[in-house]
Amino acid sequence: MTLDAARTIAAARKALTDTLRGAGIYSADADAKLLIAAALDIGRTELMAHGDRAITPEQVKAIDALAQRRLAREPVSRILGHKEFWSLPLDVSEAVLVPRPETETIVEAALDFVVRGGLRLEVLRVLDIGTGSGALILALLKELEQARGIATDISAAALAVAGINAERLGLTDRVTFIECNIADGAAGPFDLIVSNPPYIVHAEIATLDPEVRNFDPMLALDGGSDGLDAYRAIAKDARRLLAPGGRLVVELGAGQGPAVSTLFSDVGLKVSGIRDDLAGIPRALIAMAAS
Ligand code: GLN
């Protein structure tokens, strides 16, 4: 049955799942549930519990409008306008990278440093370079109740999204947003610096999934001809910005550990560890000022 002909929630679910799967979308089943629940403005539990409930032609139209966007490879999180990160609900817009699960590795590595150092209740000064939706800084400020944060982004539109997220999470009084390149507008020193910089090799952008290449902002992806431009800029500023004993934790693209380690060592930083993500890929590089 096609979606047009569907007269119940269950029929619409089956039709949309089949259509998405037929288009080569692996997450067809989950996507269909999320999109139909959004179109009908009901929760997923309700959706599952009331498969036999009738839907109107207008509701079918509403589902179809969302389905067309997904078929054009727009990610579900962008269609819905939000994405969960570190169990926090975050708004996303076309101006920000959709936060990825692997970026939670940066939060874990940063918290690991804080907890091991017995610094959890200190008034830590935290900097997030290229904050986008605010995912990293907001997750850290949620966990570290005394910490204060500065978050930069070159995109005013991204900072607007981060600001909305900070407000929703009740964190506006502990975070300041600065519109600037890398950390040009930040004075420091900081006890903790985190960043998920753009790190895709320019020539490889065309090979990424359409969900990424057509919908994530280029500013958040493009790392220049070798993918390392942003790390170079961060390295240049790191000594100035890091407090004694502080840590810099950056996300890595696959295979970038050795090159970023070398870049950082060259400016007098000491790489103290690399943490894998859940897929076993080295993802968070931790560095400190060499004494
Ligand atoms: N994680 C993104 C991707 O590969 C890239 C994000 C980035 O460049 N920081 O899809």
Side-chain angles (χ1 to χ4, degrees), residues 24-27 31 70 73-79 83-86 90 92-110 127-140 151-155 157-159 161-162 165 181-183 193-235 237-238 248-261 263-264 274-287:
I25 294 171
Y26 296 116
S27 49
D31 290 4
R70 186 68 192 101
R73 295 301 179 129
E74 185 170 353
V76 170
S77 48
R78 289 200 184 278
I79 298 172
K83 172 82 180 175
E84 193 171 288
F85 179 82
W86 200 258
L90 297 180
V92 295
S93 79
E94 68 286 344
V96 304
L97 192 83
V98 171
R100 314 282 208 270
E102 62 267 27
T103 300
E104 295 184 342
T105 315
I106 315 312
V107 180
E108 289 168 6
L127 171 67
D128 179 8
I129 299 174
T131 196
S133 64
L136 284 174
I137 191 69
L138 299 176
L140 287 169
T152 70
D153 207 287
I154 199 167
S155 157
L159 290 177
V161 175
N165 287 327
N181 188 37
I182 304 291
I193 303 175
V194 293
S195 184
N196 173 19
Y199 55 59
I200 307 290
V201 171
H202 180 79
E204 288 174 8
I205 290 174
T207 69
L208 301 176
D209 288 342
E211 280 86 349
V212 178
R213 98 176 111 83
N214 294 336
F215 294 96
D216 275 320
M218 266 321 131
L219 273 176
L221 293 179
D222 192 345
S225 59
D226 63 357
L228 302 174
D229 282 359
Y231 299 108
R232 265 185 217 100
I234 291 170
D237 272 0
L248 166 64
V249 186
V250 294
E251 177 162 334
L252 298 170
Q256 288 176 324
V260 176
S261 295
L263 267 178
F264 283 5
I274 293 188
R275 191 182 182 102
D276 290 355
D277 65 18
L278 292 175
I281 297 169
R283 188 61 70 185
L285 180 139
I286 305 110

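One-based numbering, in listed order, for ligands and for the atoms of each.
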Exercise. I would like to know whether E251 and R275 meet salt bridge (charged side-chain N to carboxylate O under 4.0 Å, His left out); could you show each step before the answer?
Key: CA-CA 10 Å; E251 177 162 334; R275 191 182 182 102; over 6 Å; no
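- Side-chain contact between V194 and I137 is absent, with no heavy atoms from C-beta onward closer than 4.5 Å.
- At distances below 3.5 Å, not a single donor-acceptor pair connects side-chain atoms of R213 with backbone N or O atoms of E211.
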Output, or 'none' if empty, a list of ligand 1-protein atom pairs in which both atoms are N or O and the distance is under 3.5 Å, rounded to 0.1 Å.
from: ligand 1; atom 1: 1 (N); to: Y199; atom 2: OH; distance (Å): 3.2
from: ligand 1; atom 1: 8 (O); to: Y199; atom 2: N; distance (Å): 3.0
from: ligand 1; atom 1: 8 (O); to: A220; atom 2: O; distance (Å): 3.4
from: ligand 1; atom 1: 9 (N); to: N196; atom 2: OD1; distance (Å): 2.8
from: ligand 1; atom 1: 9 (N); to: P197; atom 2: O; distance (Å): 2.6
from: ligand 1; atom 1: 10 (O); to: R100; atom 2: NH2; distance (Å): 2.9

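- By the salt bridge (Lys or Arg N to Asp or Glu O under 4.0 Å) test, R283 pairs with D277, sequence neighbours left out.
- A perpendicular orientation is assigned to the rings of F264 and Y231, their planes being inclined by more than 60° (bins at 30° and 60°).
- Open room surrounds CD on E94; 12 or fewer heavy atoms of other groups in view lie less than 6.0 Å from it.
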